[in-house]
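These notes concern the structure reproduced below.
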Amino acid sequence: MVPERPIRIIQFGEGNFLRGFVDWMVDILNEKTHFNGNIQIVQPLQKGMGAWINEQEGLYHVLLEGIEKGIKTQTTRLITSIEGVLNPFENYQAFLELAENPDLEFIVSNTTEAGIVFDEKDDNPKTLPKTFPGKLTALLHQHFISFDRYPPKELKILPCELIEKNGDKLKECVLKYIELWNLSKDFVQWVERSVIFYNTLVDRIVPGFPKENIQAIQEKLDYEDNLVVKAEPFHLWVIEGPKKLEDLLRFKEAGLNVVFTNDLTPFRTRKVRILNGTHTAMVPIAYLNGFKEVREVVEDEKMAKFLDQIIFKEIIPTLDMPKEELETYAYEVLERFKNPFIKHKLLDISLNSISKFRVRVLPSILNYLESYKQVPEGLAVAFTYLMVFYKGEHASQSIPIKDDETVASFFKEAWSSKDVELTISRILSNEALWGINMEKEVLLTNFFKKKVMAITNV
């Protein structure tokens, strides 16, 4: 029997990630601590999974599959923390009435990176706002007036969108809507005083519904669950918040990997450089050497040595965190890459590789060059292979380039020249791609030109 609990959380988003991450965590909080709170989901888009979730009365399983400390693991958990899903496009008034709940204390969201935006045309709060920040502002205002300007609890907003300073940016949008809608000064003061927007960082691979073997999973569960969420065992939530928030959300007591910190910047840099950076750096060199999936790359002896080189000898030395902590995280990342239950195709990861490389890999190269006055050979090789990858063909084989048309066209034109040195100069000097003129880094430029000629047999 599912226990009754007060609704303490409103969640914008019903997708796989939140259900396999936040809702899974809240379910464990309910079991192992005195949190005692359920989640009311708000469907952020007109079409979504709300009806399916309601048909199953909010119940579904999270299936964790992966490798932990060298051992394959498979566990399932029935999630009972969901009260239900409300579609505000069908009933705006019912959405506003969610704000009249005196137990409301937390709001979480994952509306994609494009979800936290302000739309100046969204100027009528009497109708459902188009954007997530607009909907949130309407909800907050209803909460404020429902309790005669004195809501009983401070509200904590925990956005999970994968953008830097997500809490700050969400608050900025909310304040713009308050100004656009000409809402009262008392409301502004309450938002500033009693609505706390936290910056967060989330980390878990959640492939979602395991359609390839769902029948076997359902037979094992003895339950026709059409909402199973598959995820890896690893999870990390970093929240830039004070001790009092940690006392309310007792994740550590529940055995969950949640970090409360006064500055999540080092954690973000660690994730972007080690996890995302390694992913991005491996793709061109691995693909051009015949590999198709991440796990194949990590299990190959030669490629494994390459990954060790770039992670432990080139990326970690440029990061300002304790070496032991960085290495522990790096070993976890490599174990995650070996997950036999997740087929992570290199071509899928190659989407928009140029912009990813600029953010995830290039800073490690430049920091290493500045600190040690020499080229980080492994990362520089990865950069070289990236340029060759974007040629669109290699060893008489076509390479499907998945990037912005402007980027793809630039590389096609650059590689149309038979002068390889000129081609590399054009690529490196394109500040629109890299944010700087890379050709000015003479040590790197000389390395790239020699290496490209070797790879392309010129």
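Model, not experiment: these values are computed from the prediction.
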Salt bridge between [X] and [Y], side-chain N to carboxylate O under 4.0 Å?
X	Y	value
E212	K230	yes
D203	R270	no
E172	K176	yes
E105	K156	yes

Tell me, do [X] and [Y] make a side-chain contact under 4.5 Å, heavy atoms counted?
X	Y	value
F35	V26	yes
L158	C160	no
L444	L428	no
L29	F251	yes
P129	T137	no
F106	R8	yes
N367	R273	yes
K169	E161	no

Verify the neighbour count for atom [atom1] of [X]: are there more than 12 heavy atoms of other residues, nucleotides or ligands below 6.0 Å?
X	atom1	answer
E253	CD	yes
K72	NZ	no
K451	NZ	no
E332	CD	yes
D320	CG	no
D222	CG	no

Main-chain N/O of [Y] paired with [X] side-chain donor or acceptor, under 3.5 Å:
X	Y	value
D119	K130	no
R360	F357	no
T318	I315	yes
N30	G37	yes
T423	A414	yes
Q11	I39	no
Q40	I10	no
E68	T73	no
N437	E431	no
Q218	L221	no

(request) Evaluate the criterion ring pair (Phe, Tyr, Trp, His ring centres under 6.0 Å) for residue pair F389 and F411; output intermediate values, then yes/no. (result) CA-CA 10 Å; F389 182 90; F411 275 94; 10.0 Å; no

(request) Please assess Y390 against W415 for the test ring pair (Phe, Tyr, Trp, His ring centres under 6.0 Å), listing each intermediate value before the final yes or no. (result) CA-CA 9 Å; Y390 267 72; W415 278 108; over 10 Å; no

Determine the minimum heavy-atom distance between [X] and [Y], stating which atoms define it.
X	Y	value
P133	C173	CB-CB, 3.6 Å
A380	V375	CB-CG1, 3.5 Å
F132	G115	CB-O, 3.9 Å
R5	T80	NH1-O, 3.1 Å
F383	M438	CE1-CE, 3.4 Å
S81	D27	N-OD1, 3.2 Å

(request) For the pair H344 and F337, evaluate ring pair (Phe, Tyr, Trp, His ring centres under 6.0 Å) and give the outcome as yes or no after the intermediate values. (result) CA-CA 9 Å; H344 216 158; F337 287 174; 8.2 Å; no

(message) Over 60° means perpendicular and under 30° means parallel, so tell me whether F17 and F21 are parallel, tilted or perpendicular.
(response) parallel

(request) Could you label the plane-to-plane angle of the W24 and H235 rings as parallel, tilted or perpendicular, counting under 30° as parallel and over 60° as perpendicular? (result) perpendicular

(request) Take L18 and F12 through the test side-chain contact (heavy atoms from CB on, under 4.5 Å) and record every step on the way to the result. (result) CA-CA 9 Å; L18 285 179; F12 285 84; over 6 Å; no

(message) Determine whether D419 and S417 satisfy the following criterion, side chain to side chain donor-acceptor pair (under 3.5 Å), listing intermediate values before the conclusion.
(response) CA-CA 5 Å; D419 186 336; S417 170; 5.5 Å; no

Rounded to the nearest 0.5 Å, what's the gap from [atom1] on [X] to [atom2] on [Y]? Could you check?
X	Y	atom1	atom2	result
D168	E240	CG	CD	7.5 Å
K211	I217	NZ	CD1	13.5 Å
S364	I274	OG	CD1	8.5 Å
F267	W237	CZ	CH2	15.5 Å
E14	D23	CD	CG	10.5 Å
N166	Y198	CG	OH	13.5 Å

(request) List the steps and the verdict of side-chain contact (heavy atoms from CB on, under 4.5 Å) for Y385 and I455. (result) CA-CA 8 Å; Y385 270 89; I455 295 170; 3.5 Å; yes

(request) Mind running side-chain contact (heavy atoms from CB on, under 4.5 Å) on I399 and L288 for me, showing each step along the way? (result) CA-CA 9 Å; I399 303 169; L288 293 183; 3.4 Å; yes

(message) Before you tell me yes or no, could you show the steps for R19 and L227 under side-chain contact (heavy atoms from CB on, under 4.5 Å), namely the whole-Å CA-CA distance, both residues' side-chain angles and the distance that decides it to 0.1 Å?
(response) CA-CA 10 Å; R19 290 191 296 115; L227 294 167; 3.9 Å; yes

(message) Quick check on salt bridge (Lys or Arg N to Asp or Glu O under 4.0 Å): which of R336, R204, K338 does E232 satisfy it with?
(response) R336

(message) Between S425 and E439, is there a side-chain donor-acceptor contact under 3.5 Å, judged purely by atom types and distance?
(response) yes

(message) Quick one about S350 and K345 (side-chain donor to acceptor, distance below 3.5 Å, no hydrogens or angles considered), yes or no?
(response) no

